[in-house]
Every structure is written in structure tokens, then in C-alpha cells.
Amino acid sequence: MLSNIKGTKDILPEESRVWQAIEDRIRRICSLFNYEEIRTPIIEYQELFRKSAGEGSDVVSKEMYTFPDRSNEMLCLRPELTAPVARAVAQYTMLRARPTLRLWYQGPCFRYERPQLGRQRQFNQIGVECIGPIHPEADAEVIVLANDLIKACGVNTFQLEINTLGSSEVRKHYRELLVAFLSQHETQLSADSQRRLHSNPLRILDSKDEADKAITALAPKLTEVLDETSNNHFRQVLSILDACGVSYTVNPFLVRGLDYYSHTVFEFKTRELGAQDAIGGGGRYDNLFETLQAPPASGIGFGIGMERLVLLSSLAAEAKETSIDCAIVYDSPYVSRALLVASQVRQRGLSCTCDLQRRSFKAQLKEADKLNARYVIFIGKDEYDANTMTIKDMHNGSQKTFDYQLDSSYTILTT
Ligand code: HAM
């Protein structure tokens, strides 16, 4: 028998309910912040990510699912959504109508990584992008939103780490200083960091390898070469976060793995998922649109792994429980009557289910109990012959007989 592909996951109904509870919270928080949903395709031209995330990033160099289609166009399954959203914003000139675009999204992404707890090859991201504003208040709004969203999803212990990468000029200068320093210790660096030294040296700063950490602790810091404008921008972001009561730690080693970032970068971390310590992360991208050959625009956003939210959420236990408003328990010869009554109940906006296996009254009652039915409607021979039905309120045990044609004057069936 075939099974699902390694690194993918079937979300079965019990877990689906947890997802729905979390998705409801996400939608609510995004609309409270006046963010609107955008949906982009799962497949894109491979070039979009090579230009945006960068050839040196792990995502592009090692993890993308790329394939030629039947006309030999190089396509890929999207590894993230910031670049697709930027593409759509530029393609539909959305900034012309509105100087501040507040967008959110949710959907599957694909990265060929080694699967482990909280890490899959097909995973789902929820994210937001605030495109247009250049000022620190946009950075702060997005971080406050992420903070509120994670809390609303029932994740109670997490830490926010924040850093600035400065402008692209600052970063270029810093990159040279860093490569010069690390080159003196090249042979002591881990194999991964040796590989990154010339392709993506900033990533060495957040290496988890102990030998790398000992070397990077002595490396020049980006803050030492930060220009005044970048420094002011960062200080203002922090001061708004202070005013909004969002706690954070400045981590000078936080660099993030995608090339498009400049200025503010941040990550929400947890100690509860082993090696996968990031619940979500994001940052400002002031040059992304230009790298896509689109008219310049600034943006800031974040992405959060839905699977990680689900693993951490305290909503899970509650959401796993089922309940239904009404279950019909009937003698099988009266199936047509039972289905008619079920339709009438549903027309009143109540959920209702009927047995489809011609089971005994006892078995049907047991099932109704398992479903946590609030009401049970009985239709046996006596009820059928008298054109009635008996409705039992399972909360207080009271029951009453009614005409089977439910009319609006019956108040018993209210949620
Ligand atoms: P990212 O840090 O690559 O950023 O991914 C964001 C989040 O997606 C991670 O913190 C993690 O929760 C989740 N994630 C990433 N890879 C996997 C995986 N293999 N399995 C499960 N979850 C995963 C971005 O993607 C940026 N687009 C975020 C952003 C938006 N920056 C600005 N705007």
C-alpha cells in the first residue's frame, strides 16, 4: 500500500479541528490589525526565489523543489511567500491605489530539508507583509501583530529576539570585515561554515556549532559599523516596542537566512521544540522589489510555521473535542422521516447527524453520546405512527414530544 511522501503530513480530522481553531484566531487578529488576505499560486518561476532569497541561501542552494514543466520552463514549489507577494504587488501595481498595503497569507510551502519534529518538507506558513512604509512604526506594527498572534494561538512561552542588519551599504562593508576576520580561522570553522564563508558569510554568525560560536564571539560586530540613520531606525523600533509592552532581547548574532533583509530582523523562539527553536521570523526588505526588477518599494513582514504553532498551542486539547447540536436516533424503517427531520433541524442552523448503518437504538445512542450531542431526537414506531418525534435535552435530561413538522414556534432547539 502506498503511504504519504517523507516530510509531508496528513492532517486527520481530530487534528484538523486544532488547525481550524488556530486559523480562526489568525483571521481575527489579522483583521483586527486591518490586514487583508492575499492568495498566490503554489508554483512560481524558479527565478523569483533565486533573485530574492539569493543563490547563496540554503533555501535556494539546497532546499528548493525545482522542475522543468512540459515546455521546459524552470518552475518550483514555493519555499516561502514574501517573494510571491512582492511579485503580485508589483505585477498588479497595487501600491498605486494604496501607499500602505497590509497583507496576510496562509498556505503550503516546500523545502527539501531533513524532517524532524516541527520540520517538514511540505509545511504551512502564516505570514504578513506591510508594504510601502519606510518608517520604524511599520516594523513595530508588524512585530506587535506577530506577538499578539502567537499569544492568541495559545502559545504562552516564547522569546522575541531582534537585531538590525543596517542598510545594504553597511552590510556590504561589514561582510568584507567579517570575511577578513573569519578567513584567519577558516580551518577551525565547521564544514558548513567553511562552505558559507564565501557564499553567505553572515549566516555563520547564527551557526549552532560550538567551535563556530567561539570564533564568531570574537568577530567584529555589525553594530560597530552601523551608520547613524540605521541606528536611529533601530532605536525607534525598540522604543515603540517598549511603549507597547512587547519584551525582546537584542541578539547581535541574529542574521536570518534570506538575502533580501535589511535593517530590522527578528525571530520568535521557543525552547519546547528541540532543534527547531524558531516559531517564526521576519524582517525589513528595502531592496527586494529592485532585485525583482520592479519599481522600488519597502516592506516588512514575518512568517510563522503553522505546524509549530499547532505543536505549541494550548488550544489543542480543547479543540480536539467534538460536539454536535443534534443526533437523530431512529428505527431503520423510518429513515425517510429521520432524514427529513434532520434537514429541518439544519435549516434552523443547527448541526445534525443520522445513523447510516441501520444500527440499533442502543448503538445510535452510544454514538450520540460519543459525539457530545446536545439534543437527541427519537423517531420510533410510536412517534412515526403519531406523526411526532421526541426531543431529549441531553444537558438536563428533560424530554418532550412534538409534531415531526418542526415549526418556528418550537423553542427547544436553540443552541
Ligand atoms: P523563514 O524563517 O525561512 O522566513 O520561515 C518562517 C517560519 O516558517 C520559520 O520560523 C518556521 O516556523 C517555518 N518553517 C520554515 N521552514 C520550515 C520547515 N521545513 N518545516 C516547518 N516549518 C518551517 C520566511 O520564510 C520569510 N518569508 C518570512 C518573512 C516574511 N520575512 C519577511 N516577510
Side-chain angles (χ1 to χ4, degrees), residues 6-9 11 22 26 35 38 40 44 48-49 52-54 57-60 62-65 77-87 89 101-131 138-139 141-143 145-146 149-150 153 155 158-163 165 200 203 206 254-270 272-289 297-313:
K6 182 175 174 192
T8 67
K9 190 167 179 280
I11 301 168
I22 290 179
I26 289 170
Y35 280 65
I38 181 166
T40 62
E44 294 276 356
L48 177 66
F49 301 101
S52 56
S57 65
D58 284 355
V59 166
V60 170
K62 300 197 291 199
E63 297 166 2
M64 271 213 297
Y65 278 88
L77 301 178
R78 65 183 182 200
E80 60 107 47
L81 274 114
T82 307
V85 168
R87 176 202 45 75
V89 165
L101 286 171
R102 293 183 163 100
L103 303 168
W104 75 274
Y105 50 76
Q106 197 232 304
C109 296
F110 303 82
R111 295 183 190 178
Y112 192 85
E113 293 188 83
R114 198 166 43 78
Q116 54 180 231
L117 182 73
R119 189 164 74 188
Q120 295 173 196
R121 291 181 177 169
Q122 177 178 339
F123 62 100
N124 287 269
Q125 263 192 8
I126 139 77
V128 314
E129 310 296 344
C130 176
I131 301 175
D139 309 36
E141 174 177 285
V142 162
I143 296 171
L145 196 170
L149 191 146
I150 295 172
C153 291
V155 181
F158 60 88
Q159 301 79 41
L160 165 62
E161 293 186 359
I162 188 164
N163 190 22
L165 300 177
N200 202 354
R203 284 292 339 245
D206 63 10
L254 180 71
V255 290
R256 310 261 310 130
L258 304 156
D259 273 10
Y260 49 65
Y261 291 118
S262 52
H263 298 286
T264 317
V265 285
F266 56 93
E267 231 158 56
F268 289 88
K269 298 209 166 157
T270 173
E272 285 162 42
L273 289 180
Q276 298 317 307
D277 63 353
I279 305 172
R284 177 165 275 286
Y285 44 89
D286 288 348
N287 306 107
L288 171 62
F289 281 76
S298 293
I300 173 142
F302 66 80
I304 294 177
M306 282 292 293
E307 285 75 8
R308 296 184 192 179
L309 276 184
V310 170
L311 282 166
L312 295 166
S313 175

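Residues: numbered from 1 along the sequence shown. We count ligands from 1, going down the list as the structure has it; atoms in each ligand are counted the same way. Note that these values count all heavy atoms, side chains included, but never hydrogens, waters or copies made by symmetry.
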Going by salt bridge (charged side-chain N to carboxylate O under 4.0 Å, His left out), name the residues that satisfy it together with [X], two or more places apart in sequence or in a different chain.
X: Glu141; value: Arg102
X: Arg78; value: none
X: Glu267; value: Arg256, Lys269

Applying a heavy-atom distance cut-off of 4.0 Å, which protein residues contact ligand 1?
Glu80, Thr82, Tyr105, Arg111, Glu113, Gly118, Arg119, Gln120, Phe123, Gln125, Glu129, Arg256, Leu258, Tyr260, Tyr261, Ala278, Ile279, Gly280, Gly281, Gly282, Gly283, Tyr285, Gly301, Phe302, Gly303, Gly305, Arg308
Do Glu272 and Thr270 have side-chain atoms, one donor and one acceptor, less than 3.5 Å apart?
no
Distance (rounded to the nearest 0.5 Å) between Leu103 CG and Ile38 CD1
5.0 Å
For the pair Arg87 and Glu44, find out whether any cationic side-chain nitrogen is under 4.0 Å from an anionic carboxylate oxygen.
yes
